[in-house]
Each structure stands twice: as C-alpha cells, then as structure tokens.
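Proteins come first, then strands; the chains are lettered A, B, ... in the order of their sequence lines, and each starts at number 1.
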Protein chains: 2
Amino acid sequence: MSSEHPTEPDGSDTKDRARRTDAKRSFDALVQAARDVFASSGVDAPVRDITGKAGVGTGTFYRHFPKRGDLIAAVFRNEVDSCADAAPALAENHPPLEALAAWLHRYSEFIATKRGLASALHSGDPAFETLPAYFDARLRPALSQLLERAAKAGEIRTDLDADDIISAVANLSMPAKTARPDHTRRVVDIFMNGLKSR
Amino acid sequence: MSSEHPTEPDGSDTKDRARRTDAKRSFDALVQAARDVFASSGVDAPVRDITGKAGVGTGTFYRHFPKRGDLIAAVFRNEVDSCADAAPALAENHPPLEALAAWLHRYSEFIATKRGLASALHSGDPAFETLPAYFDARLRPALSQLLERAAKAGEIRTDLDADDIISAVANLSMPAKTARPDHTRRVVDIFMNGLKSR
DNA sequence: ACCATATACGGAACAATGTTCCGCTTATCA
DNA sequence: TGATAAGCGGAACATTGTTCCGTATATGGT
C-alpha cells in the first residue's frame, strides 16, 4: 500500500519507457536497508553496510542515489509514508478515540526516531528542501481523518486543529535526555487525554 | 590577548609539568587552520587539509584532537573568544554608542558564520555539552560592559537586558535565504536604533 | 652549560569508506 | 523470440581516517 506513494523521485508519468520492475525492487530494498542501518548506526553509516543488507551492488546504489542526501530524503519520505498510511488502517480496526491515540503514539515514535536525521535536515542540502512540505502534505490529512472521525463520534473537542496537534506532539516527543524511557509515551498520553470532550 | 582564555581543554593548573610551548603552538595553529578550512569547505573537511594549512603532521593532529568533536568545539570556543575579546578593544577606541553598534555587528557576523557548526552542535556529541554555557559566560559580560557604558553616557535605554539582546540578534542573524546580502546588517542596524534613548 | 627524560612531532603505513567503470544480465517491446 | 535499452554487480581506483614509532626538542634539575 505504501508503495503507491511517491517514495520515488520524479513524479512524471509520461516516460518513453516505464521504469523497470527490477529497478524499483532495488530502490525499495535500498531504502528499506538504509532505514534499518540508519537506526542502528546513524546516517553516516558506510555505503557497503547498506548495499550488503539490501543485497545489491555498490554500482546499483550510486545509480539510484548519486548524492547521499538523496538517500536520506528517500528514507525520510518512506517513513513519513509509513506513518501516514497507518492512519486508515487504525481507523478501520479501532474505535475513533483509540485509533487517534494509537496514531499519536505512532507519530510520536516517528519524531523521536528522526532525531538523527533532524540535524542532517537542517544542513541546507537542496535534496531536503521539499521535505517539510511533503511531511505536511502527508501527515496532516492522515491526522485530520482521525480527528474528524472522533469529533463526529462526539469523543473529542471540536476546536482542534491538525496543525497544532502535529507540532505540539512533535515538541513533546523531543526531550533531550529523559530519566525514564517511557517519558514520551506518558506525556503524549496526557496530551491525548486533553483532547477528549468533557 | 585572546590566548588568555581557556581555548584549551582542561582547566586544571596543578600539573606535574606545564604544557610544552611547542604543543600549544601546534594546538593554536590547528585551531586557526581549522577555522579557515571550515569556513571554505565545511566542518567535514579532510584532516589533511587542516594539517597541511597548519603545517603540522597528522600524528600531531590526533594527539590534540582524538575526536572530531574536540576540534569543532575548540574552534567554536576560539571564535567565541575572538568575539568577546573584541568588546574591550572597541570600548577603548570608540564612543559608547558606536562601540555597541560595532560589536553587535561583529556578533551578528559570528552567528551567521556558525550556521555550519550549528547542525553539528545539536548532534548530541558530548564534546559540545559545555559550549552553550561557555557561549553565555563569555559573550554576556562582553555585551554587558558595552551596554553599561552606553547607558551611563545616557545614550541608550536603561531597561535593556544583555540576554535578551544576545538572543534577539542571534535570531535576526539567521534568516534562511536573503535576497540582498546586506539584509542582516540592515535589520541589526534597525534593532540597534531601537536601543537608543529618546 | 649540560644531561636526563618526559613530551611532542612528522609522516609513512595501514584501514576504512566513497565513487567510478564496464562487461554481463534482464526486462520490455514489437 | 530477437533486438535493445535499462539495470546490475563488484572489482578497481580514489579519498580520507587513524595508528605507530623513530626522531627531535622543551623543560627541569645539576
């Protein structure tokens, strides 16, 4: 499902030839592998670590990601997609309030994980310029959907703005160092509690 | 003059033997060279570029800066020192208001230049943990001195806090992309104008 | 002035990582 | 099913990081 979204660069569809399926497979495998490697070794992880885990050659790597920023941006988009795509699935399988809470936690995790990328993001690399817009375009509708559903069910306040919540939870999820590892989860819970209608 | 300040790590003074002067020279040469190289090639510049410009061997480099963060922190401290040390000199050679304006511009330049370091600073490297405190400890007194002098001369408002001004000018000096290159200088001028007494 | 010695230096050698290049493979289309 | 453009792999090469150790010298004591 998430592969429907433009994790890939270049949204054009009027090509002489369509992109070969093996190319797409390599691309996806690299993004997936990079995601894992970044998580365990940081964004400066060696190229060979990534190609090794992805099971592709280094040549293939550079074909898809000539600049390192290209890879980081692709991983970021991919994770934004995962997070956004979680919303409809949660809505289907859980009551409104529960789905909303679950998604906020999911989103909170995403933010916390992205601490490593965050510094890279602010580095001025042109590959990252469109990311904030993408972030907003994908995540806001996802949250809005859950908010509306919960609001219609009368379970939360109706004066809530998706933008505010997204940035509020983002801030809550970026504490420097926390004594207890579940601190973030707890404050997000409290915040979530505040959303409820009385 | 600036070498009086603890650009060097390790504030202890009860050593068996004092640090050799050639060691200090190498240290200073490396910081100086790194400063230049960082400015032209960024903080990821190759070690050999720095040692080459400093005229020392690579062994010497690693003796002084086992971790890259150590070097970056040293350069940062060095630049904070330069900026702070500029204050007394300006006070001696210029009328109060003029000295204050000149120093604010000097400080503004410093902030703008540090954009490259800023992302590194937020990376969580333990070598950077004491930098914010150092920044404050050196820069606030420098500015306070100029503020007090100008206030005594009746040239500026008396309700001004050094902290506020430091952070305000820092924010003014970090615009993303400016059409005109002197934008920063101009807004700082305007801000400075606001400091004057009526 | 000179010696003893801890300190520091330089840079070759080694290791890790980035990047390119090109012969081989394969998906796609007619 | 053949032609061909697209893609792939990984060795080879280039760059940068890091260590190691023989040599040089600043320092304190005599």
(message) Output the rounded distance in Å from CZ (A/Arg25) to C1' (D/dG9).
(response) 14 Å
(message) What is the separation between atom CZ on B/Phe61 and atom C1' on D/dT19, rounded to the nearest whole Å?
(response) 14 Å
(message) Angle between ring planes, A/Tyr107 versus A/Trp103, binned at 30° and 60°: parallel, tilted or perpendicular?
(response) parallel
(request) Answer yes or no: side-chain N or O of A/Arg20 and base N or O of D/dA6 forming a donor-acceptor pair under 3.5 Å. (result) yes
(message) Quick check: on DNA chain C, is the nucleotide nearest A/Thr60 upstream (toward 5') of the one nearest B/Asp22, or the reverse? Name the residue that is more 5'.
(response) B/Asp22
(message) Rounded to the nearest 0.5 Å, what separates atom CG in B/Leu71 from atom CG in B/Leu30?
(response) 7.5 Å
(request) Calculate, to the nearest 0.5 Å, the distance between atoms CZ and SG belonging to B/Arg106 and B/Cys83 respectively. (result) 4.5 Å
(message) Between B/Gly59 and B/Arg68, which residue's closest nucleotide on DNA chain D lies nearer the 5′ terminus?
(response) B/Arg68
(request) Quick one: do A/Tyr134 and A/Asp81 satisfy side chain to side chain donor-acceptor pair (under 3.5 Å)? Show the steps, please. (result) CA-CA 10 Å; A/Tyr134 189 74; A/Asp81 285 340; 2.6 Å; yes
(request) Please list, by residue number, the residues of residues 38-57 of chain A whose heavy atoms come closer than 4.0 Å to an atom of DNA chain D; answer none if no residue qualifies. (result) A/Arg48, A/Gly55, A/Val56, A/Gly57
(request) State whether a side-chain donor-acceptor pair under 3.5 Å links B/Asp70 with B/His64. (result) no
OP1 or OP2 of [N] under 4.0 Å from side-chain N/O of [X]:
| X | N | value |
| --- | --- | --- |
| A/Thr58 | C/dT20 | no |
| A/His64 | D/dC8 | yes |
| B/Arg63 | C/dA8 | yes |
| A/Ser26 | D/dC8 | yes |

(request) Would you list the pairs meeting side chain to side chain donor-acceptor pair (under 3.5 Å) in which at least one residue belongs to residues 34-60 of chain B, sequence neighbours left out? (result) B/Arg35-B/Glu79
